Amino acid sequence: MLAEPLFQISLSPLLKWAGGKRWLVRHLEPYWRIHRHRPFVEPFVGGMGVTLGLLPKKALLNDANHHLINFYKWVRRGLNIDIPLVYDRNIYLTHRARFNQLIREGRADTAEAAALFYYLNRTGYNGLCRFNASGEFNVPFGKYKTVNYQTDFTAYKQTFCGWVFTSGDFSKMEFDSDSFVYADPPYDVEFTHYSPGGFSWADQVRLVEFLEPHRGPVIISNQLTDRIYDLYKKFGYSVRTLSAPRRISCNGNRQDALEVLAFKNIEP
Ligand SMILES: C[S@@+](CC[C@H](N)C(=O)[O-])C[C@H]1O[C@@H](n2cnc3c(N)ncnc32)[C@H](O)[C@@H]1O
C-alpha cells in the first residue's frame with residue numbers, strides 16, 4: 001500500500017516548522033483517498049505540511065502553540081499583511097520587540113500579532129519558535145541570502161473555510177467518532193526522559209491512550225525507536241517503517257533515520 005500514489009500539491013506550507021511532514025504526504029495520500037469523505041483531524045498540525053497536501057474539505061486542526069493557531073485563524077479570515085516585511089536585522093528586532101509587547105499586553109490574538117508571527121517565522125533563525133522564561137519570543141535574526149515574503153493570504157481563505165482551529169493540549173480535542181485522525185507528535189527521543197519540545201515519554205503513552213476509544217481510522221507517525229514500536233504494537237496498531245529524508249549518527253556513521261507509520265482501524 002506504500003507504493004507510488006497519485007499525488008497532487010495544491011498549496012505550499014506558509015511557515016518554516018520543525019518536523020514538517022510534507023515528504024510523508026505521498027505515503028499518506030493512498031489511505032486518505034479511500035477515506036476522504038470523513039472529517040480530517042490533526043492534533044499536532046505544526047507547519048500544516050500534511051493538511052495542505054491532503055486538502056480535506058472538513059478538518060479539525062490543533063496545536064499546543066497558540067501563536068501558530070492564531071496565525072492560521074487570521075489566514076482563514078483572509079489575512080493581508082500591512083507591516084513592512086523586509087529582510088533586515090534592525091527591522092527584525094523592532095518587529096520582535098513589538099510582538100513581545102503584544103504578548104505582554106494580552107493582545108497575542110490580533111491580526112497584527114499574526115502578521116508579526118509570520119514575519120518572525122520567515123526571518124528568525126531556522127524558523128524556530130522559542131520563548132524565554134518570561135514568555136518573550138527570543139529567537140535571533142536568521143542569516144539567509146534572501147527571504148521571500150507573502151503579504152496576501154486570500155488564496156488560502158477558501159481552502160481554510162472548512163477547517164476549524166483549536167490550540168491546546170491534544171487531549172482537550174473533541175471530534176466525531178468517524179473522523180480520520182493523523183497524529184504527528186514530536187519525535188520520541190529514546191534514552192531521555194524529556195524531549196526538547198517538552199513532549200515526554202508519558203505524553204507519547206498519553207496520546208495512544210487518548211486515541212484508544214476512537215473508532216475511525218488513525219495513523220500516527222513518529223521516529224522509529226524500540227519503545228515506540230513496542231508501544232504502538234501493544235495498543236494493536238499495525239506498524240510499518242520507511243526511510244526518512246534525514247540522517248542520524250550511529251556509531252560514527254551517518255545513516256538514514258527510520259520513520260514509523262502506525263495504523264489502527266485502517267488496512268495498512
Ligand atoms: C512534529 S510537529 C508537527 C509537524 C506537522 N505534522 C507538519 O507537517 O508540519 C509537532 C507539533 O506538536 C505540537 N505539540 C507539542 N506538544 C503538544 C501537545 N501536548 N498537544 C498538541 N500539540 C503539541 C508542537 O507545537 C508542534 O507543532
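Starting from 1, each residue takes its place in the sequence as its number. These numbers come from a predicted model, not from an experiment.
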Query raised in the report: Hey, are Thr241 and Tyr229 close enough side-chain-wise for a donor-acceptor pair under 3.5 Å?
Result: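 Judged by distance alone, the side chains do not pair up.
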Requested in this report: Scan side-chain atoms only and decide if Tyr182 and Ser221 contain a donor-acceptor pair under the 3.5 Å cut-off.
Outcome: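 Per modelled atom types, Tyr182 and Ser221 side chains form a pair under 3.5 Å.
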Give the ring-plane orientation class for [X] versus [Y], where under 30° counts as parallel, over 60° as perpendicular and anything between as tilted.
X      : Y      : result
Trp32  : Phe180 : perpendicular
Phe131 : Phe137 : perpendicular
Tyr118 : Phe153 : perpendicular
Tyr156 : Phe160 : perpendicular

**Report entry** Any donor-acceptor pair under 3.5 Å from Lys58 side chain to Gly162 backbone
**Finding:**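 The answer is no, because no donor-acceptor pair under 3.5 Å joins these two groups.
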Requested in this report: May I ask you to decide if Ser200's main-chain N or O and Asp203's side chain share a donor-acceptor pair within less than 3.5 Å?
Outcome: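 Yes.
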Gap separating the [atom1] atom of [X] from the [atom2] atom of [Y], nearest 0.5 angstrom:
X      : Y      : atom1 : atom2 : value
Leu14  : Asn121 : CG    : CG    : 9.5 Å
Asn80  : Gln150 : CG    : CD    : 10.0 Å
Phe165 : Phe71  : CZ    : CZ    : 10.0 Å
Phe170 : Asn62  : CZ    : CG    : 10.0 Å
Asp226 : Leu231 : CG    : CG    : 12.5 Å
Arg240 : Phe263 : CZ    : CZ    : 6.5 Å

Check side-chain hydrogen bond (donor to acceptor under 3.5 Å, both in side chains) between [X] and all other residues, then give those that pass, not counting sequence neighbours.
X      : result
Arg38  : His35
Ser167 : His66
Thr154 : Asp152
Arg107 : Glu105

Pairs touching [range] that satisfy salt bridge (Lys or Arg N to Asp or Glu O under 4.0 Å), sequence neighbours left out:
range            : answer
residues 77-90   : none
residues 162-182 : Asp169-Arg206
residues 123-141 : Arg104-Glu136

Report task. Please step through side chain to side chain donor-acceptor pair (under 3.5 Å) for the pair Thr123 and Tyr149, ending with a clear verdict. Result -> CA-CA 9 Å; Thr123 320; Tyr149 299 104; 2.9 Å; yes
Query raised in the report: Hey, is NZ on Lys57 packed in by over 12 heavy atoms from elsewhere, all under 6.0 Å?
Result: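 No, not enclosed.
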Could you list the residues that satisfy ring-ring contact (aromatic ring centres under 6.0 Å, His included) with [X], not counting sequence neighbours?
X      : value
Phe235 : none
Tyr232 : Tyr237
Tyr87  : Phe141
His214 : Phe175

Report task. For side-chain contact (heavy atoms from CB on, under 4.5 Å), just list the numbers for Leu24 and Leu242, CA-CA rounded to whole Å, side-chain angles, deciding distance to a tenth of an Å, and then say yes or no. Result -> CA-CA 10 Å; Leu24 259 185; Leu242 58 159; 4.1 Å; yes
Query raised in the report: Of all heavy-atom pairs between Ile228 and Asn222, which one has the smallest distance, and what is that distance?
Result: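 Taking Ile228 first and Asn222 second, the nearest heavy atoms are CD1-ND2, 3.4 Å.
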**Report entry** side-chain contact (heavy atoms from CB on, under 4.5 Å) assessment of Val147 paired with Tyr119
**Finding:** CA-CA 10 Å; Val147 180; Tyr119 172 83; over 6 Å; no
Return all side-chain donor-acceptor pairs below 3.5 angstrom for residues 39-53, not counting sequence neighbours, or 'none' if the list is empty.
| unit_1 | atom_1 | unit_2 | atom_2 | d |
| --- | --- | --- | --- | --- |
| Glu42 | OE1 | Thr51 | OG1 | 2.6 |

Query raised in the report: Please walk me through it: do Leu55 and Thr159 pass side-chain contact (heavy atoms from CB on, under 4.5 Å)?
Result: CA-CA 8 Å; Leu55 290 177; Thr159 306; 3.6 Å; yes
Report task. For the pair Asn65 and Cys129, evaluate side-chain contact (heavy atoms from CB on, under 4.5 Å) and give the outcome as yes or no after the intermediate values. Result -> CA-CA 9 Å; Asn65 189 315; Cys129 187; 3.3 Å; yes
